[in-house]
Student: 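Before anything else, here's the structure in question.
To find a chain, count down the sequence lines: A is the first, B the second, and so on, and within it residues start at 1.
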2 protein chains.
Amino acid sequence: MSQSTQDQRKYQILDAALEVIVRKGYEGSSMSDIVKKSKLSKGAIYWYYSSKKEVYLALVNHWVHQYSPTLNLIIEDNQPASVQLKGLFNFFITQYETDPTIFKAIAVFWSLAGRDNDFKEKFDKVYSEFFTLIEKIIIKGVESKEFKNIDTKIAALSIMVNIESAIWFTLFENYGISATKYMETITDFILAGLIK
Amino acid sequence: MSQSTQDQRKYQILDAALEVIVRKGYEGSSMSDIVKKSKLSKGAIYWYYSSKKEVYLALVNHWVHQYSPTLNLIIEDNQPASVQLKGLFNFFITQYETDPTIFKAIAVFWSLAGRDNDFKEKFDKVYSEFFTLIEKIIIKGVESKEFKNIDTKIAALSIMVNIESAIWFTLFENYGISATKYMETITDFILAGLIK
DNA sequence: TAAAATAAACCGACCGGTCGGTCTATTTTA
DNA sequence: TAAAATAGACCGACCGGTCGGTTTATTTTA
């Protein structure tokens with residue numbers, strides 16, 4: 001079997017795993033659930049992954065790899081820091097509108113990271129990269145005098161938190177606020193606080 | 001057995017349940033875990049609660065009841081809205097410093113609410129009350145001309161999100177930012193954006 | 001001593017993971 | 001080049017063990 005066909009099988013498994021973990025949680029979901037969703041057999045899944053945990057750990061990478069090209073594009077184009085930040089927010093707003101599933105999954109992995117070290121380490125890596133990316137943009141903005149002379153770490157974390165807050169809307173759509181409008185307003189608010 | 005002794009037994013069970021759910025998650029934890037931690041028997045726990053789910057649902061109320069007196073105190077004293085908001089933030093910063101366990105539990109319930117309707121409803125109620133409380137403060141601030149004429153719902157949600165962001169620090173203490181310093185800075189930042 | 005509370009033995013359902021075996025495609029043999 | 005051998009991909013029945021919940025027996029309380 002060719003490499004790409006193998007990859008496709010893996011995607012088939014991971015796509016199923018994503019749906020399953022969102023609907024049933026980590027311990028609450030079984031390999032049989034993934035088997036059913038993926039339309040493969042138990043044997044097939046254990047052929048590609050050695051354990052339930054390995055499937056879900058791979059799922060974290062899976063979605064990070066889906067994001068990183070776009071994120072890198074945002075940094076690499078040579079626009080003002082504020083435009084880049086806005087691009088970042090827009091990307092996640094669009095992502096949320098297209099398919100909020102991943103945000104739901106993040107909530108699951110989140111609570112998982114709190115009690116399982118393997119997941120914590122994986123998450124740590126993913127978020128520290130994301131954090132560094134945001135901080136880079138901010139440092140650039142400060143150096144070019146576009147931004148005020150703020151604490152870049154705190155600003156970066158704050159932006160990360162507010163992006164992640166889209167998770168809220170996967171649960172509560174009913175506070176009379178639309179997710180998109182909220183995110184847009186928050187973006188402007190944060191930028192207003194940053195820009196000189 | 002007297003009412004208060006019964007209550008104490010319930011607390012004993014819920015305190016154990018809190019520790020257990022944080023360490024093992026919802027489906028990942030068993031009644032036997034709670035039995036062990038609480039130093040009671042299975043029979044005793046099923047005497048007070050009819051199911052595992054009911055124990056954990058009660059746990060949500062348990063912690064809300066611990067918070068609400070303080071929160072009500074904050075609103076009832078007749079201080080400027082900005083002082084009240086600051087009091088709110090301080091309360092949660094102190095809470096986090098004293099014992100971040102509850103923030104970890106919130107992450108678990110969070111992901112649970114995404115897939116279980118009973119937990120979603122419970123959470124919905126809790127958060128909409130909290131949300132209303134914050135919005136009330138903001139409306140007051142707007143009416144007294146202390147705050148700018150902003151969208152009170154968006155502002156309230158934003159404050160709620162930023163309070164909850166303390167959850168981050170239960171996972172990642174290592175971005176070179178102290179939780180307290182971060183929360184204090186964010187408070188000032190938000191207030192600066194609100195105040196005229 | 002009746003009712004309330006606790007303890008512990010127990011049950012059927014289900015779980016993660018294993019394993020013997022099948023099917024198909026490619027490679028080796030004669 | 002036809003037959004035999006090998007290897008990779010895949011299947012699903014099955015196993016040991018755990019789980020949530022029930023039942024039954026015992027102790028404590030009032």
Student: What integer distance in Å separates B:E54:CD from D:dG21:C1'?
Tutor: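 For the pair B:E54 CD and D:dG21 C1', the rounded distance is 13 Å.
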
Student: How are the rings of A:Y127 and B:W168 set relative to one another: parallel (under 30°), tilted (30 to 60°) or perpendicular (over 60°)?
Tutor: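 Ring orientation, 0 to 90° scale: perpendicular.
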
Student: Considering just the side-chain nitrogens and oxygens of B:Y48, establish if one lies under 4.0 Å of OP1 or OP2 belonging to C:dT6.
Tutor: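 Looking at the OP1 and OP2 atoms of C:dT6, one of them is under 4.0 Å from a side-chain N or O of B:Y48.
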
Student: Checking all strands, does A:S50 fall into the base, sugar-phosphate, or nothing category for heavy-atom contacts under 4.0 angstrom?
Tutor: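 The answer is nothing, as A:S50 stays clear of every strand by at least 4.0 Å.
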
Student: Identify each atom pair where a protein N or O and an N or O of nucleotides 20-25 of chain C are less than 3.5 Å apart, giving names and distance.
Tutor:
none

Student: May I have the distance from B:W47 (atom CH2) to D:dT26 (atom P), rounded to whole angstrom?
Tutor: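 Computing the B:W47:CH2 to D:dT26:P distance gives 18 Å.
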
Student: Name the pairs: protein N/O against N/O of nucleotides 11-18 of chain D, kept only if under 3.5 Å.
Tutor:
residue	atom	partner	partner atom	Å
D:dC11	OP2	A:S41	N	2.9
D:dC11	OP2	A:S41	OG	2.7
D:dC11	O5'	A:S41	OG	3.2
D:dG12	O6	A:G43	N	3.4

Student: OH of B:Y49 versus P of D:dT22: gap in Å, rounded?
Tutor: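 After rounding, the gap between these two atoms is 17 Å.
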
Student: Kindly state each residue pair satisfying salt bridge (charged side-chain N to carboxylate O under 4.0 Å, His left out) with at least one member in residues 128-137 of chain A, sequence neighbours excluded.
Tutor: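 The answer is A:E135-A:K153.
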
Student: Would you kindly give the NZ-to-P distance between B:K36 and C:dA8, to the nearest whole Å?
Tutor: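 Roughly 14 Å, once rounded to whole Å.
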
Student: Give the rounded distance in Å between these two atoms: CD1 of B:I34 and C1' of D:dG21.
Tutor: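 So the CD1-C1' distance, B:I34 to D:dG21, works out to 13 Å.
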
Student: Could you list the residues that satisfy ring pair (Phe, Tyr, Trp, His ring centres under 6.0 Å) with A:Y96, not counting sequence neighbours?
Tutor: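 Listed in chain order: A:F103.
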
Student: For B:E27 and D:dG21, give me the distance from atom CD to atom P, rounded to whole Å.
Tutor: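 Whole-Å distance recorded here is 12 Å.
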
Student: Without decimals, in angstroms, what is the distance between B:K53 NZ and D:dC19 C1'?
Tutor: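 Going from NZ in B:K53 over to C1' in D:dC19 covers 16 Å.
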
Student: Taking atom types as modelled and ignoring hydrogens, do the side chains of B:N162 and B:S165 form a donor-acceptor contact shorter than 3.5 angstrom?
Tutor: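 Note: B:N162 and B:S165 side chains miss the donor-acceptor criterion.
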
Student: Please list all pairs passing the ring pair (Phe, Tyr, Trp, His ring centres under 6.0 Å) test where one or both residues lie in residues 131-162 of chain B, with sequence neighbours left out.
Tutor: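 Output for this query lists A:Y175-B:F131.
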
Student: Could you please name the partner base of D:dA30, counting Watson-Crick and G-U wobble pairs only when both distances are under 3.5 Å?
Tutor: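 C:dT1 - that is the nucleotide pairing with D:dA30, both distances being under 3.5 Å.
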
Student: I need the full list of side-chain hydrogen bond (donor to acceptor under 3.5 Å, both in side chains) pairs touching residues 181-196 of chain A, with sequence neighbours left out, sorted by first then second residue.
Tutor: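 Sorted pair list: A:K86-A:D188, A:K181-B:D151.
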
Student: Can you tell me the Watson-Crick or wobble partner of C:dC23, both distances under 3.5 angstrom?
Tutor: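 Its partner is D:dG8 (Watson-Crick or G-U wobble, both distances under 3.5 Å).
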
Student: Tabulate below the donor-acceptor pairs under 3.5 Å that side-chain atoms of residues 68-81 of chain A make, not counting sequence neighbours, or state none.
Tutor:
residue	atom	partner	partner atom	Å
A:S68	OG	A:V64	O	3.3
A:N72	ND2	A:S68	O	3.2

Student: Taking only residues at least two apart or on different chains, which pairs with a member in residues 69-89 of chain B satisfy ring pair (Phe, Tyr, Trp, His ring centres under 6.0 Å)?
Tutor: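 Not a single pair qualifies under ring pair (Phe, Tyr, Trp, His ring centres under 6.0 Å).
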
Student: Among all residues two or more places apart in sequence or in another chain, which pass the side-chain contact (heavy atoms from CB on, under 4.5 Å) test with B:E27?
Tutor: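 Expected list: A:E27, B:L112, B:R115.
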
Student: Take the protein atom CZ of B:R9 and the nucleotide atom C1' of C:dA7, then report the distance between them rounded to whole Å.
Tutor: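 From B:R9 CZ to C:dA7 C1': 13 Å.
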
